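Here the structure is laid out as structure tokens; the discussion comes afterwards.
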Amino acid sequence: MGRQGMRISLQQGIGRFFRECWSGLADLFYPSLCLVCGKCLVRGEKYLCSHCLADFPFADESYSASDQVLEVFDHVSRPQCLYALFYYNKYSPYRKLIYAVKYLSYRKLGRYLGRLLGERIKGKCQADCIVPVPLHKKRERKRGFNQAHEIACGVSEVLGIEILDGVVVRIKNNVSQAGKNAVERQQNVEDIFKLRDVQKIAGRHVLLLDDVITTGATLKSCLQVLAEAGNVTFSLGCLGKTL
Ligand SMILES: [Zn+2]
């Protein structure tokens, strides 16, 4: 390796070190301000003030199979249910929670919201395992964690069902879906997943989890790959669903 190459890898190493430190620090302390309205939190409040928690825009307990998002799925991979913790649009202050989990490295917030989702769907969701939508390994390394996995940990704690990691992998580091129309979103996520472990998935009822659902294009692509295992039933779960 030349001097230039060593310098670049050293810079990458230092960058990763600081990202991991930040991720650890953000996780170590609870924020002192409400993540939704910015007011100071008082003793006993965690992430949200009691006012924002009372006004939490919980989604309906489940969508019927005729929900618009479910229309994008073909009959082989069509999920039974779609569970969302809350609705949001671009004006909703609650969308800051998604941002905090994803970009401010509040991993424990991901688990906390995952537990809230678990409480909402307990006794209703019939899934026997959870698959968090995987990130590409490069993106996961950069972020330090997969937010869908943190949410899955919270849901798993409440429902008492196992998380299956690594049964499906993301083989393409596709660009963000933001700003794309429905057709472009579908093209952007084609062939981005690969099934790794048929045995673990065949015959199961999978709760596929992601942080948000917008058009459902990414989830559809993931479900189609999981369905290759054969005789798989699906439900979908997310923290936020756009209105
Ligand atoms: Zn608040």
Side-chain angles (χ1 to χ4, degrees), residues 18-63 67 69 81-125 130 132-133 135 139 142-159 163 176-179 207 209-216 218-219 236-243:
F18 281 109
R19 276 194 300 275
E20 280 171 12
C21 281
W22 165 246
S23 163
L25 277 175
D27 213 26
L28 201 59
F29 303 106
Y30 288 122
S32 56
L33 303 176
C34 172
L35 291 170
V36 176
C37 72
K39 277 195 211 148
C40 279
L41 294 176
V42 297
R43 190 185 286 260
E45 292 176 342
K46 215 159 62 171
Y47 303 115
L48 295 96
C49 69
S50 49
H51 185 78
C52 289
L53 194 59
D55 284 346
F56 200 90
F58 284 113
D60 293 343
E61 288 182 355
S62 72
Y63 286 86
D67 183 83
V69 165
C81 275
L82 192 164
Y83 301 102
L85 181 64
F86 64 95
Y87 300 118
Y88 72 100
N89 60 21
K90 60 182 176 180
Y91 306 108
S92 168
Y94 288 84
R95 66 180 300 171
K96 293 178 200 165
L97 294 174
I98 304 287
Y99 185 86
V101 171
K102 229 168 158 169
Y103 302 111
L104 301 181
S105 298
Y106 285 119
R107 294 169 71 158
K108 284 185 184 164
L109 171 65
R111 289 186 184 217
Y112 169 77
L113 295 171
R115 283 196 295 274
L116 286 187
L117 176 63
E119 297 292 351
R120 300 283 293 176
I121 67 179
K122 195 176 179 180
K124 300 176 191 85
C125 180
I130 301 173
V133 172
L135 288 180
R139 198 175 291 183
K142 202 171 172 189
R143 189 170 291 166
F145 64 100
N146 175 5
Q147 71 279 3
H149 183 265
E150 301 303 319
I151 298 159
C153 288
V155 175
S156 168
E157 274 177 40
V158 178
L159 300 188
I163 300 171
S176 166
Q177 295 280 70
L207 174 63
L209 276 183
D210 209 354
D211 50 357
V212 295
I213 293 181
T214 45
T215 61
T218 306
L219 290 159
L236 293 181
C238 64
L239 295 184
K241 183 180 177 297
T242 49
L243 283 170

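What's counted below: heavy atoms across the whole structure, side chains too, no hydrogens, waters or symmetry copies. Indexing begins at 1, ligand by ligand and atom by atom, following the structure's order. Quantities reported herein were computed from a predicted structural model and do not represent experimental measurements.
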ask   = Looking at His149, Glu150, Gln147, which one forms a side chain to side chain donor-acceptor pair (under 3.5 Å) with Arg107?
value = Glu150
ask   = Does the side chain of Leu239 reach to within under 4.5 Å of the side chain of Ile151, using non-hydrogen atoms?
value = yes
inquiry  = Among Cys49, Ser50, Pro93, which residue satisfies the side chain to side chain contact (heavy atoms under 4.5 Å, CB included) criterion with Cys34?
reply    = Cys49
key: For Tyr94, the option from Phe56, Tyr99, Tyr88 that meets ring pair (Phe, Tyr, Trp, His ring centres under 6.0 Å)   = Phe56
key: Aromatic plane relationship, Tyr112 with Tyr47 - under 30° parallel, 30 to 60° tilted, over 60° perpendicular   = tilted
request  = Tell me the protein N, O or S atoms under 2.8 Å from the Zn ion (ligand 1), in chain and number order.
outcome  = Cys34 SG, Cys37 SG, Cys49 SG, Cys52 SG
request  = Determine yes or no for a side-chain-to-main-chain donor-acceptor pair under 3.5 angstrom, with Arg120 supplying the side chain and Ala84 the backbone.
outcome  = no
